[in-house]
Amino acid sequence: MGATPPRGDYSRAGSDHTCAQDYAAYTEAHHGTYRRLYARQSALLPGLACSAFIDALPHLGASDTIPRFEDINARLFPATGWQLVGVPGLIPEVPFFSLLAARKFPVTDWIRTPDEFDYIVEPDLFHDLFGHVPLLFEPRYADHIQAYGEGALKAHALEHGPHPVPGAVEMLSRLYWYTIEFGLMRDERSGGQMRAYGAGLLSSPGELAYCVQSDEPQRTPLRDTADLLRCMASSYKIDSYQQQYFVIDRFDTLRALTEPDFKPLYQTLNTGHSQAG
């Protein structure tokens, strides 16, 4: 059996894989789903989400209807130079990286069905908007996301260049998973207590509490190059709670760790894999 094709109307997408938000297509049921999701998730944030996220969440606007991307952009672009662009669903790697490098964040324009209220396989509008967008108002975090996009384009070029560096994009995708999607931090404004900043955690009704409060998962510091290599060598789970999280001390850490050239890191990891094999 082949893989299930991505959801979404891809006929609406342009050459850059983006599309206009078809706001008129949202029904009252769609708005109701967003309203219920927002109410449930925002109530879980205190004591679990990082302070910067809680501060920035109101920038999404009113919670009773699906926001218009253009309204958020009117606040976001002056704040950090970012803007939201609609996409019909999952898009290929290079267009995704290119959008991030240009400070354009792709947001899926469809929302889950009521049957998927508690769990959805593919990212939908609620995950993208609620989980990712608020922290784009945080300048240090916003700069890191652009730098990640630029680094991912370099990784793709290395992997497909005249002297290929195998697995570079996959190694970098693990960093994205353990930081942007499932990252934890020591929240300075909460006295250094553990808090979530990853979008996959912030938009999850169950894993948000689990990642901060459970004794089950391993929580590994992400502070130096050795930690970075460990993160980029770690596989991850897409269909269950994580058994490992990486913890930063502050958003500056992300940028500092990802500023240097990653080519030596990819080569180090490839050498270690070859020796292990």
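What you see below is based on every heavy atom in this structure, not just the backbone, and it leaves out hydrogens, waters and symmetry mates.
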task: Keeping the roles fixed (side chain from E116, backbone from T113), state whether a donor-acceptor pair exists under 3.5 Å.
output: yes
message: Quick check for you: to the nearest 0.5 Å, what is the distance between E122 atom CD and L90 atom CG?
response: 4.5 Å
query: What class does the angle between the rings of Y210 and Y241 fall in, given that below 30° is parallel, 30 to 60° is tilted and above 60° is perpendicular?
result: tilted
query: Are H17 and L99 close enough that some pair of their side-chain heavy atoms sits under 4.5 Å apart?
result: no
- line: From the list W177, Y176, F262, ring pair (Phe, Tyr, Trp, His ring centres under 6.0 Å) with Y148 holds only for Y176
- line: Interatomic distance, CZ@R35 vs OG1@T65, rounded to 0.5 Å, equals 8.0 Å
field: Side-chain donor/acceptor of R195 to backbone N/O of S190, under 3.5 Å
entry: no
query: Are the side chains of D128 and P106 in touch, meaning some heavy atoms are under 4.5 Å apart?
result: no
- prompt: Looking at D249, V247, L228, which hits side-chain contact (heavy atoms from CB on, under 4.5 Å) with R223?
  reply: D249
task: Over 60° means perpendicular and under 30° means parallel, so classify the ring planes of H132 and F105, tilted if in between.
output: tilted
- prompt: Which class fits the ring pair H156 and H160: parallel under 30°, tilted 30 to 60°, perpendicular over 60°?
  reply: parallel
query: Going from CG on L254 to CD1 on I180, what distance comes out if it is rounded to the nearest 0.5 angstrom?
result: 6.0 Å
- line: Heavy-atom closest pair (E207 atom, Q242 atom, distance to 0.1 Å) is OE2-N, 3.0 Å
message: Would you say that Q218 contacts T220 through its side chain, given a criterion of any heavy-atom pair below 4.5 Å between the two side chains?
response: yes
query: Considering the options V133, L129, V85, which one meets the side-chain contact (heavy atoms from CB on, under 4.5 Å) requirement together with F69?
result: L129
field: OG-CD distance between S98 and E93, expressed to the nearest 0.5 angstrom
entry: 11.0 Å
message: On a heavy-atom basis, which atom in P95 and which in D16 lie closest, and how many Å separate them?
response: CB-O, 4.4 Å
- prompt: Rounded to the nearest 0.5 Å, what separation is found between the CG atom of L48 and the CD atom of Q213?
  reply: 5.0 Å
- prompt: Which atom pair, heavy atoms only, marks the closest approach of L153 to V94?
  reply: CD2-O, 4.0 Å
message: How close do L201 and C211 get, counting heavy atoms only, and between which atoms?
response: CD1-SG, 3.7 Å
query: Parallel under 30°, tilted from 30 to 60°, perpendicular over 60°: which one fits the rings of Y178 and Y236?
result: perpendicular
- prompt: Hey, quick one: are Y119 and I238 part of the same hydrophobic cluster, counting side-chain heavy atoms closer than 4.5 Å, chains of contacts allowed?
  reply: no
query: Does a side-chain N-to-carboxylate-O contact under 4.0 Å join D224 and R230?
result: no
message: Show, in sequence, the C-alpha distance, side-chain angles and deciding distance for D227 and F246, and conclude whether the side-chain contact (heavy atoms from CB on, under 4.5 Å) test is met.
response: CA-CA 9 Å; D227 298 333; F246 285 84; 5.6 Å; no
message: Looking at R250 and D187, is any side-chain nitrogen of the basic one under 4.0 Å from a carboxylate oxygen of the acidic one?
response: no
- request: Answer yes or no: is there a donor N or O on one side and an acceptor on the other, between the side chain of R174 and the main chain of M232, under 3.5 Å?
  value: yes
query: So, does H59 use its side chain to make a donor-acceptor pair with the main chain of P134 at under 3.5 Å?
result: no
- prompt: Any donor-acceptor pair under 3.5 Å linking the side chain of Q193 with the backbone of G47?
  reply: no
message: Measuring only between side-chain heavy atoms, which start at C-beta, is L76 closer than 4.5 Å to L136?
response: yes
- request: Return the minimal non-hydrogen interatomic distance between G81 and R103, and the atom names on each side.
  value: O-CB, 3.6 Å
message: Contact between T179 and Y197 at the side-chain level, heavy atoms closer than 4.5 Å - yes or no?
response: yes
query: Is D109 reaching over with its side chain to a backbone N or O of G86, donor-acceptor style, under 3.5 angstrom?
result: no
field: Within one Ile-Leu-Val-Met-Phe-Trp-Tyr cluster: L60 and Y23, side-chain cutoff 4.5 Å
entry: yes
message: If you define the side chain from C-beta out and look only at heavy atoms, does anything of R40 sit under 4.5 Å from D118?
response: yes
- request: Please report the closest heavy-atom contact between A155 and Y266, naming both atoms and the distance.
  value: CB-OH, 3.5 Å
- request: Look at the side chain of T108 and the backbone N and O of W110, then say whether any donor-acceptor pair between them is shorter than 3.5 Å.
  value: no
- request: Kindly compute the distance separating CG (L135) from CG (L202), expressed to the nearest 0.5 Å.
  value: 7.0 Å
Sidechain-backbone polar pair: E181 side chain, A199 backbone, donor-acceptor under 3.5 Å: no
- prompt: Below 4.0 angstrom, N of the basic side chain to O of the carboxylate: do E188 and R186 qualify?
  reply: no
- prompt: Hey, does P166 have a side-chain heavy atom less than 4.5 Å from the side chain of E159?
  reply: no
field: Within one Ile-Leu-Val-Met-Phe-Trp-Tyr cluster: Y10 and V121, side-chain cutoff 4.5 Å
entry: no
Within 6.0 angstrom of F117 CZ, more than 12 heavy atoms from elsewhere: yes
- prompt: Does some side-chain heavy atom of Q41 sit less than 4.5 Å from a side-chain heavy atom of F126?
  reply: yes
Under 3.5 Å side-chain donor-acceptor pair for T33 and H30: no
field: Mutual orientation of the aromatic rings belonging to F251 and Y141 [parallel < 30°, tilted 30-60°, perpendicular > 60°]
entry: perpendicular
message: Check for me, please, whether L45 and Y245 land in the same ILVMFWY cluster - side-chain distances under 4.5 Å, paths through other members count.
response: yes
